[in-house]
Q: 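Right, I'll just put the structure down here and ask away after.
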Protein chains: 2
Amino acid sequence: MASSKRWVYLFTDVEDAVKDCGNEWEKVRGLLGGKGANLAEMTRLQLPVPPGFTITTEACNAYYDQGKKFPEGCWDQCLKALEVLKEQTGGKTLGNPDNPLLVSCRSGARDSMPGMMDTVLNIGLNDVTAEGMVKLTGNARFVYDSYRRLVEMFGSVVYNIDDDEFHHYLKKYKEEKGYKSDPEMTAGDWKDVLAFYKSVIKKHLGKEFPQDPLVQVQEVSEAVFRSWNGKRAIDYRRATGISDSLGTAVNIVAMVFGNMGEDSGTGVAFTRNPADGERKFYGDYLLNAQGEDVVAGIRNTSKVEEMAQSLPEAYKQLLDIAAKLETHFKDMQDIEFTIERKRLYMLQTRNGKRTARAAVRVAVEMVNEGLITKEVAVKRIAPKDVDTLLHPQFDAEVQKKARAEGKVYGKGVNASPGAAVGQVYFDADTTEKMKKEQGKKCIMVRPFTKPDDVHGMLAAEGILTSEGGATSHAAVVARQFGVCCVVGAAEVKIDVEKHEMVCKGVTVKEGDWISVDGNTGEVFLGQIPTITPDFEKQAELMTLLKWADEISASETRKGENNSPKRGLMVWANADYPQDARRARSYGAQGIGLCRTEHMFFEQVRLPIVQRMILAKSSEERTKALDELLPYQRSDFAGLFEAMDGQPVIIRLIDPPLHEFLPSLETLIEEVATMKALKQTNGLAEKEEMLKNVRALHEQNPMMGLRGVRLSIMMPEIVKMQVRAIMEAAADNAKKGITVKPEVMIPLTGHVNELKEIQPELNRIAEEVMKAKGVKFAYKFGSMIEIPRAALTASEIASLAEFFSFGTNDLTQMTFGYSRDDAEASFLLQYVEKGILPKNPFQTLDKDGVGRLVKMAAAEGRQTRPDLEVGICGEHGGDPESIKICYDAGLNYVSCSPFRVPVARLAAAHAALGK
Amino acid sequence: MASSKRWVYLFTDVEDAVKDCGNEWEKVRGLLGGKGANLAEMTRLQLPVPPGFTITTEACNAYYDQGKKFPEGCWDQCLKALEVLKEQTGGKTLGNPDNPLLVSCRSGARDSMPGMMDTVLNIGLNDVTAEGMVKLTGNARFVYDSYRRLVEMFGSVVYNIDDDEFHHYLKKYKEEKGYKSDPEMTAGDWKDVLAFYKSVIKKHLGKEFPQDPLVQVQEVSEAVFRSWNGKRAIDYRRATGISDSLGTAVNIVAMVFGNMGEDSGTGVAFTRNPADGERKFYGDYLLNAQGEDVVAGIRNTSKVEEMAQSLPEAYKQLLDIAAKLETHFKDMQDIEFTIERKRLYMLQTRNGKRTARAAVRVAVEMVNEGLITKEVAVKRIAPKDVDTLLHPQFDAEVQKKARAEGKVYGKGVNASPGAAVGQVYFDADTTEKMKKEQGKKCIMVRPFTKPDDVHGMLAAEGILTSEGGATSHAAVVARQFGVCCVVGAAEVKIDVEKHEMVCKGVTVKEGDWISVDGNTGEVFLGQIPTITPDFEKQAELMTLLKWADEISASETRKGENNSPKRGLMVWANADYPQDARRARSYGAQGIGLCRTEHMFFEQVRLPIVQRMILAKSSEERTKALDELLPYQRSDFAGLFEAMDGQPVIIRLIDPPLHEFLPSLETLIEEVATMKALKQTNGLAEKEEMLKNVRALHEQNPMMGLRGVRLSIMMPEIVKMQVRAIMEAAADNAKKGITVKPEVMIPLTGHVNELKEIQPELNRIAEEVMKAKGVKFAYKFGSMIEIPRAALTASEIASLAEFFSFGTNDLTQMTFGYSRDDAEASFLLQYVEKGILPKNPFQTLDKDGVGRLVKMAAAEGRQTRPDLEVGICGEHGGDPESIKICYDAGLNYVSCSPFRVPVARLAAAHAALGK
């Protein structure tokens, strides 16, 4: 006897599945999918789940492996499971008009992909069982409504017929009858509709809608498998990083009906509020409806609390079950339920998607409730959630004024928080196009959204719909991706064809600016300025990040390659005292990069800088530098004061000098014009400047005379800078401030560059301390941003007391990509084509640049075991890059102040091995 | 008893030295210096060497270590050695007027540094011993001449008094007396001169010239030690790569006198002709003179053969000794000798410096004579010698015509071969400045040269002197550095002050052009065109390189990292069939790089290329490419024909497209001018072109849209190129030619780039073979020139069937140096300051770029053990870089055809572990 592989598990067989998966619940979820595993688990918890079974994800993969055929034994196992369902449903049988079994067929991958794959309800209805159902229920209207739904879903899912063919007919039918909504439809009406729907199937297929319920089950199951590789599902997986190889399971569940009258209903709910995390049961339901009506956001729902009146017993049971589920799964649950003639059935439970704000509050409160540990809480928050919480919000004063001036255009449900300002576009393709090709900030406006619209939603700053509630497609997706969203703004009449919307007589056309408040649900005309939220007032977030810091600080790394024992620290890049203060309030433990040249561009200073550059003699240059010294000293003094007790890394001048002079192209044009017009007034000066600029011009300035090269060719500038740094530090030290200056030499490529310049700078530092009569520790270090520096790190470390990876330049050189040019010319297309998995300027390239970072850290520490190693490129605030830095044994990452909280969380995740 | 270290070895103690050095002759040379070791060795061979001893190089290093003091015990050992000299010279004692010992004190480092360090003769003379000498010799003239020489050398060497103070006085003295040359000076005259010289010493020192001979010995010995770190010596070591840490020995040798009358003399000679290698005793001598007179080239010497008449016995003995020395040292010897009253003394022997031509001939003939092995012969030739032999020569026809037209300006001794055309400068500083700052080709013209002039000689294309012979300073140095040189052109009157020279009434001023023939000794007015020598007619060189190839081919490498077992092959970079033919005739075993875009610049093609670039549609572009296809096909066809049976690597288009369009700056200027002048005619076209050029403009084109990036964004071009390559290969294959096309994809940085483009190109190759009905093997490979490609070589090798390191770009990216800018802006100064040991664009940077090459070769072969790995950057022809490539396990180096012979030799050297 061939011992066929097990492809099918009844919900009641959950113990078998757990055993087959070696008692690992994650593997059970992998095998049965999230929905199937949780339905089985709820069955084990003796909750009211309709009988059913799951065809495994392995069957899905086998289906593809065998050229889109059910694997051997799979269908036989399904038939056997249907036999058991007969027993579990008290004798109901597929196709038996006297006691018909109807089933739903639902997709369910390991990770939730809401709406991305297919579901078909009411399978088992045909002309015969429908008649039987009418007899059994005495409710012909319900039966023909259900039957037409089956035909419609079947046509759409199995045969890929456009929904609109069905919807247009229904809409027209209702108009002709003068109906405003579905409940007005009679049994006869639905029968008419059903007949038309069947004719649509016949038109497309050339044959009748299949009457055999087993054929229905099999065809739908295959369609669900196929939907795993539908465009929508693939796009979603790309966006969320879910692997293509997981496959989806198929759940066949005995139907229960929420549309059997006013004592029936269906709903979705969360055990806590998914918008703000409040510990309060929260959801929507509809009386006399099937689940799809709620999820699609087509009909306006009622709040789940209202069930306390309409269906009090079921509501009480639901609250009990919700509490039980949360305790069992130790996370906020998102549940689907149906009440059939007062009897409650659980159709799904899963960890609920939530806003960033809710995620943080739920995690922190669950720790306080003793439900989870701090580590679990920290792990559970995605870095991007923290990011979202620091997103800009509207300026409250301006918003208040706008309200007062009647600029509130409409109001809907605050489905996903944030503040979005953008130009209006009425479809996903245009939105995406405007964003990508013209870099526009867009608000996508739709009556409601469908999975096909996701690419536009991702490109938009904000989303506005006129239909649907907080659990509609638009709301769920927007929350997941952190896009600001307002749904169900019913007063707004959207005309997609005419590319405009009207509300209270005001027309907004394509390209007009609006502002959408995802926190209040308001929509404003025009652009409202945004401000950054006050980090320090977000108590739960502060708590969570404190826990994250504790995890990093108490971490004991293996200490390979002399890497530090504690986890990663988070420092910040800050050029000015106010930035440093913000960084510190955001939790930074040091300044990893202060760019001194930014200060050179300030209005009063630039002319002095230009005089310095164009100086004809060393005296003239020194004179200009003497003027700059007090400015720089006071810049640094403020920085040291703000960072009392913490290290401050100041980078010596980095950019090529021509950046401080007028543009070559402009000068050529001006001189040519003046000459052609024989304008002599001022020509000589222009020509002189052109000569100077041309002399400094470089073919490839990124690889030119800058950084330490410039300092070696023209040491006066850095001598002034080191003097300014040390004088500022000394003055502060005398005031009792603990100063930890670290001077960073940029663009080092050869240890001899340090040998050439460092002793003289060191001498200046000692001279200043002696003159000021004060002593403090200081360091000289090197920015590692040239591949050769990384390759010869063991030599560089003989002089450098710290390394700071400048991963922007290191990425440029390692890839040979000019950052000024690459993104516009080929890089974004490389990412789109999948040639590069990510933009390497956003996420550190682990195999190339990351390898250099790891090598250099390890080899540098061979020379100098206490070498301080960090990163100060933009990657320092990117969670994935932070993980790479942790693995490379770095001491800290330094990023912009706004990214510090995200980085603190990501550093803790790295320590937790997440 | 303190067992003091041994600092002094008598020549007769050579066995002790050999024992103390563990029987390693090289260590003996290291300890005693080349001169000391060979004097000792000649003593052991019982040749007539004056008694003497050597203070070791270790004493020199100890002298510096102890703050310029003789190490403990050293002086005592010297005193003891002087005691032994007393015995060996039959009782001569320093300072004893009855039997005075006079000694010379000569520097002698391990490696010969001719004229770079100091020598003092006649030590031991003072007012008392001089009187004694007069009594003993009866030759007051000789004695006072010798004494004044001692004072002069002492003043110059020990007290750093300018030579000119002595020389001017002597010149004036002779003028006043009406003397034309030194021999006219009488004993009284020399006494007068001596008195003046002593007064010079007193003036500078405030005390008398030291009369104690032991003080003289000690002061001179210390001065010799100090001369190791004199500017001249340091400069010389920088230029020749001799280590600073070796130190110099000091040789104290009993004086013999060539200036004791007409039966005395002194000379230098070579056992073979150092100019052409002929096996014939060759040299110069002077009767009644001391050695310095010959070497300085101040007096015109006689040919050594003439000694057969003047001093027949000594000459016969000299010839015997010369033969003996050559057999003993197995190399051509450069000897110094003195005849004192008919008695021959050997003062030095060393391996003789020689021209490249002589080096090759001597090596090959010595193999044929059974004196040395082929391996020794190959090792003995420096790659730069081969380079010299391929240096340009004057076009014989033009030269003949110039002679006929009387353009021969002057004639001198053909001291160092080659043909030099350049502008005349009359001092070293100006020569160097003109070369460095203005890139001029210079001929340095001097009456004679001194060690201080070396920097100018190195900067010059050629050297011309009016004084001195084939062994003068100018001649020796020029030969060593391969600079063309004519010396002793006595008719040419050089006026250094006036910056001009006159010959036969024709004045040549600074900056005028002349042409110098180092092979014939002729100097021509104006510029004579040069031609490349006919490699195939240089029989000895062909033989030597054949041996080099045999060594490489029979080499068995250890095969680490799957490196090939045989030594390095040498391939060539060639774009056109004629280059390929030349490369093959020079011994190339394949084409490592054919740059296809060079062909795009040809006059008839450029307009088509521009049409292709500016095409508004894919059809328009394809149409232009269709026109280019036949051109490219015929380019490649010729290449395959020339390289029948050998691999040909063709690189697909590499440069950014804007290189084929007019310059942005020029267009801006033109458009601005036309607009200002309201010229409408043609303005629209110019503006259109400006728009196009601006669209393609990049901030850092070196890191921009080029190479494989361009191919991915605009695949039509490379598709055409691969079709052209494969069609050309197929057509040739059908004619019976063995084609081995290898298609190289440039600028790869990520394996996915190959995945994106290679399958389509592969398809075209298969399609062409099918259409042409012919089969041949071909490869696709990748240029490794982006650091990331090297860092991810194991991945790249999954698609690439060969690697070719583009070390020009790899050096650019690894250092972050833009080659277009760096050399002018800081790189040359970096090399001068010693920040970089060499220009990394000339010699591969072993620690950085070389490390990447080694890693990539090893890791690529982990993926694909038979990966073919080579280098096609300009480093492929640089001997030092070739060694690095060998050590990295490469299969071949590819270089320009002219460098192929040099590379063949360097490859053999690598195999021999030289």
Side-chain angles (χ1 to χ4, degrees), chain A residues 664-665 668-677 696-705 707 709-710 712-713 747 749-750 752-753 755-756 785-789 791-792 795 809 812-822 825-826 829-830 833-837 840 845 847-849 851-852, chain B residues 664-665 668-677 696-705 707 709-710 712-713 747 749-750 752-753 755-756 785-789 791-792 795 809 812-822 825-826 829-830 833-837 840 845 847-849 851-852:
Chain A
L664 176 64
E665 291 178 26
I668 290 175
E669 199 169 344
E670 287 173 356
V671 167
T673 304
M674 288 173 86
K675 279 181 158 175
L677 298 178
L696 289 172
H697 181 70
E698 295 176 310
Q699 293 297 313
N700 297 285
M702 196 57 74
M703 304 198 288
L705 186 60
R709 301 167 193 170
L710 179 62
I712 285 172
M713 302 305 284
L747 219 71
H750 197 294
N752 287 350
E753 292 175 315
K755 287 186 184 160
E756 176 79 14
E785 51 190 333
I786 297 287
R788 195 182 184 283
L791 289 163
T792 61
E795 290 173 16
D809 270 7
Q812 287 201 99
M813 309 286 180
T814 304
F815 274 89
Y817 289 171
S818 161
R819 190 160 190 196
D820 295 326
D821 309 304
S825 92
F826 64 87
Q829 292 189 59
Y830 262 37
K833 282 175 191 268
I835 295 173
L836 293 175
D845 160 54
D847 295 342
V849 183
R851 185 177 181 189
L852 283 178
Chain B
L664 175 64
E665 292 180 25
I668 290 174
E669 201 169 344
E670 288 174 354
V671 167
T673 304
M674 288 173 86
K675 278 181 159 177
L677 298 178
L696 289 173
H697 181 69
E698 293 176 311
Q699 292 297 315
N700 297 285
M702 196 57 75
M703 305 198 287
L705 186 60
R709 301 167 193 169
L710 180 61
I712 286 172
M713 302 305 284
L747 218 72
H750 197 295
N752 287 350
E753 292 175 314
K755 287 186 186 162
E756 176 78 13
E785 52 190 333
I786 297 287
R788 195 183 184 283
L791 289 162
T792 61
E795 291 173 16
D809 270 7
Q812 288 202 98
M813 310 284 182
T814 304
F815 273 89
Y817 289 172
S818 162
R819 188 157 193 198
D820 295 325
D821 309 304
S825 93
F826 65 88
Q829 293 189 58
Y830 261 38
K833 281 175 191 269
I835 295 173
L836 293 176
D845 159 55
D847 295 341
V849 182
R851 185 178 180 187
L852 282 179

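Below, chains carry the letters A, B, ... as their sequence lines are ordered, and counting in each starts from 1.
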Q: Counting only non-hydrogen atoms closer than 4.5 Å, does Leu664(A) touch chain B with its backbone (N, CA, C, O), its side chain (CB onward), both, or neither?
A: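 The side chain, not the backbone.
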Q: Flag the one option from Lys675(B), Glu795(B), His750(B) with the top tally of heavy-atom pairs under 4.5 Å to chain A.
A: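 Most heavy-atom pairs within the cutoff with chain A belong to His750(B).
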Q: I'd like to verify something: which residue of Pro787(B), Gly707(B), Ala789(B) has the highest number of heavy-atom pairs under 4.5 Å with chain A?
A: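 The residue among Pro787(B), Gly707(B), Ala789(B) with the greatest pair count is Pro787(B).
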Q: Answer with side chain, backbone, both or neither: which region of Arg709(A) has an atom nearer than 4.5 Å to a non-hydrogen atom of chain B?
A: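 For Arg709(A), heavy atoms of backbone and side chain both lie under 4.5 Å from chain B.
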Q: Could you look at Glu756(A) and say if it's the side chain, the backbone, both or neither that has a heavy atom under 4.5 Å from chain B?
A: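 For Glu756(A), side-chain heavy atoms alone lie under 4.5 Å from chain B.
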Q: Nearest 0.5 Å, please: how far is CD in Glu665(B) from CD in Glu665(A)?
A: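 With rounding to 0.5 Å, CD (Glu665(A)) is 7.5 Å from CD (Glu665(B)).
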Q: Does Met703(A) reach the side chain of Phe815(B), with side-chain heavy atoms less than 4.5 Å apart?
A: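 Of all side-chain heavy-atom pairs linking Phe815(B) with Met703(A), none is under 4.5 Å.
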Q: Do you know which of Asp809(A), Thr792(A), Leu791(A) has the most heavy-atom pairs with chain B at a distance under 4.5 angstrom?
A: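 Of the candidates given, the most pairs with chain B belong to Leu791(A).
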Q: How far does CZ of Arg851(A) sit from CZ of Arg788(B), to the nearest 0.5 angstrom?
A: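 So the CZ of Arg851(A) and the CZ of Arg788(B) are separated by 11.0 Å.
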Q: To the nearest 0.5 Å, how far apart are OG1 in Thr673(B) and CE in Met674(A)?
A: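 The OG1 atom of Thr673(B) sits 13.0 Å away from the CE atom of Met674(A).
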Q: Using non-hydrogen atoms only, which part of Asp845(B) is less than 4.5 Å away from chain A: side chain, backbone, both, or neither?
A: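 Asp845(B) touches chain A through side-chain heavy atoms alone.
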Q: Could you look at Glu670(A) and say if it's the side chain, the backbone, both or neither that has a heavy atom under 4.5 Å from chain B?
A: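 Looking at Glu670(A), nothing touches chain B.
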Q: Quick one: pull up CG in Leu852(B) and CG in Leu852(A) and give me the separation to the nearest 0.5 Å.
A: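 Interatomic distance, Leu852(B) CG to Leu852(A) CG, rounded to 0.5 Å: 7.5 Å.
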Q: What's the separation between atom CD1 in Ile786(B) and atom OH in Tyr817(A), rounded to the nearest 0.5 Å?
A: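 The distance works out to 8.0 Å.
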Q: Determine the option with the most heavy-atom pairs under 4.5 angstrom with chain A, choosing from Asn752(B), Leu836(B), Asp847(B), Ile835(B).
A: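 Of the options given, most contacts go to Ile835(B).
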Q: Give the member of Leu710(B), Val849(B), Ile712(B) that has the highest number of heavy-atom pairs under 4.5 Å with chain A.
A: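 Heavy-atom pairs under 4.5 Å are most numerous for Ile712(B).
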Q: Shorter than 4.5 Å, heavy atoms on both sides: which option in Gly704(B), Ala676(B), Gly848(B), Ser818(B) has the most such pairs with chain A?
A: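 Among the listed options, the one with the most contacts to chain A is Ser818(B).
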Q: Any donor and acceptor pair, going by atom type alone, linking the side chain of Asn700(B) with main-chain N or O of Met702(A) inside 3.5 Å?
A: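 Side chain of Asn700(B) to backbone of Met702(A), a donor-acceptor pair under 3.5 Å: yes, one is there.
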Q: Please give me the minimum heavy-atom distance between Pro701(A) and Gln699(B), naming the atom from each residue.
A: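 Minimum heavy-atom contact is CD-O, 3.3 Å.
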